[in-house]
Amino acid sequence: SVAGCHIIKVTVACRIAFPDWAYKPESSPGSRQIQLWHFILELLQKEEYQNVIAWQGDYGEFVIKDPDEVARLWGIRKCKPHMNYDKLSRALRYYYNKRILHKTKGKRFTYKFNFSKVVLVNYPLLEMANSPFLLAQNHFNESNFLKLFRVLLILS
DNA sequence: GGCGGAAGAC
DNA sequence: GTCTTCCGCC
């Protein structure tokens, strides 16, 4: 752990640094229960939910296009049949202090992941060396963002 | 809609 | 600890 980031060795040739909040050891308690931000990323990853929730605007920014449906799906996952957007959004607001999310002010149903710290350390694998996976120090486009998250989701 | 306190489930 | 539930406030 360096400067609020964890460095994870993905393979012998690739290391990734990302914020502490994105890192959870397998042995940590509660790791069996899905977390809301994992679930949000899971939906964002699937094209079939583009009309429900989608990346939009700035990098890491997403819009909940159908709040009732997102709440319904979250309720199903957590076996909470009375889940609604009012309650789900309270859970999202708890992420503000944890610096996992923040609100995009003025944009309805729009939140943003705090991913400014995410960087690739060292060189990625050879087949990745010329791919968009090679990230800039503090910025990356949406394509890189999604690819990185596929890795993070595999790790988690 | 969005915010955050308070209490409680697990 | 991570939400879930409820709610007063803006």
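Within every chain, numbering begins at 1; the chains are lettered A, B, ... in the order of the sequence lines, protein sequences first and strands thereafter.
Among residues two or more places apart in sequence or in another chain, the side-chain contact (heavy atoms from CB on, under 4.5 Å) test is passed with A:Phe62 by A:Ile40, A:Leu44, A:Ile53, A:Trp55, A:Ile64, A:Leu101, A:Tyr111, A:Phe113. Not a single side-chain hydrogen bond (donor to acceptor under 3.5 Å, both in side chains) links A:Lys98 to another residue, sequence neighbours left out. Not counting sequence neighbours, the partners of A:Glu69 by the side-chain contact (heavy atoms from CB on, under 4.5 Å) test are A:Val52, A:Asp66, A:Arg72, A:Leu73. Taking A:Lys78 as the reference, A:Gln33, A:Ile34, A:Trp74, A:Lys80 meet the side-chain contact (heavy atoms from CB on, under 4.5 Å) condition, with sequence neighbours excluded. With sequence neighbours excluded, no residue forms a side-chain hydrogen bond (donor to acceptor under 3.5 Å, both in side chains) with A:Lys65. With sequence neighbours excluded, no residue satisfies side-chain contact (heavy atoms from CB on, under 4.5 Å) with A:Lys105. Not a single ring-ring contact (aromatic ring centres under 6.0 Å, His included) links A:Tyr96 to another residue, sequence neighbours left out.
Taken residue by residue, residues 62-74 of chain A places heavy atoms nearer than 4.0 Å to DNA chain C at A:Trp74.
Interface remark: the A:Arg108 side chain does not form any donor-acceptor pair with the B:dG1 base, using a distance-only criterion of under 3.5 Å.
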Which pairs, protein N/O on one side and nucleotides 6-10 of chain B N/O on the other, fall under 3.5 Å?
from: B:dA6; atom 1: N6; to: A:Tyr94; atom 2: OH; distance (Å): 3.3

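OP1 or OP2 of C:dC3 sits under 4.0 Å from a side-chain N or O of A:Tyr95.
Protein atom CG of A:Leu36 is 11 Å distant from nucleotide atom C1' of C:dT4, rounded to whole Å.
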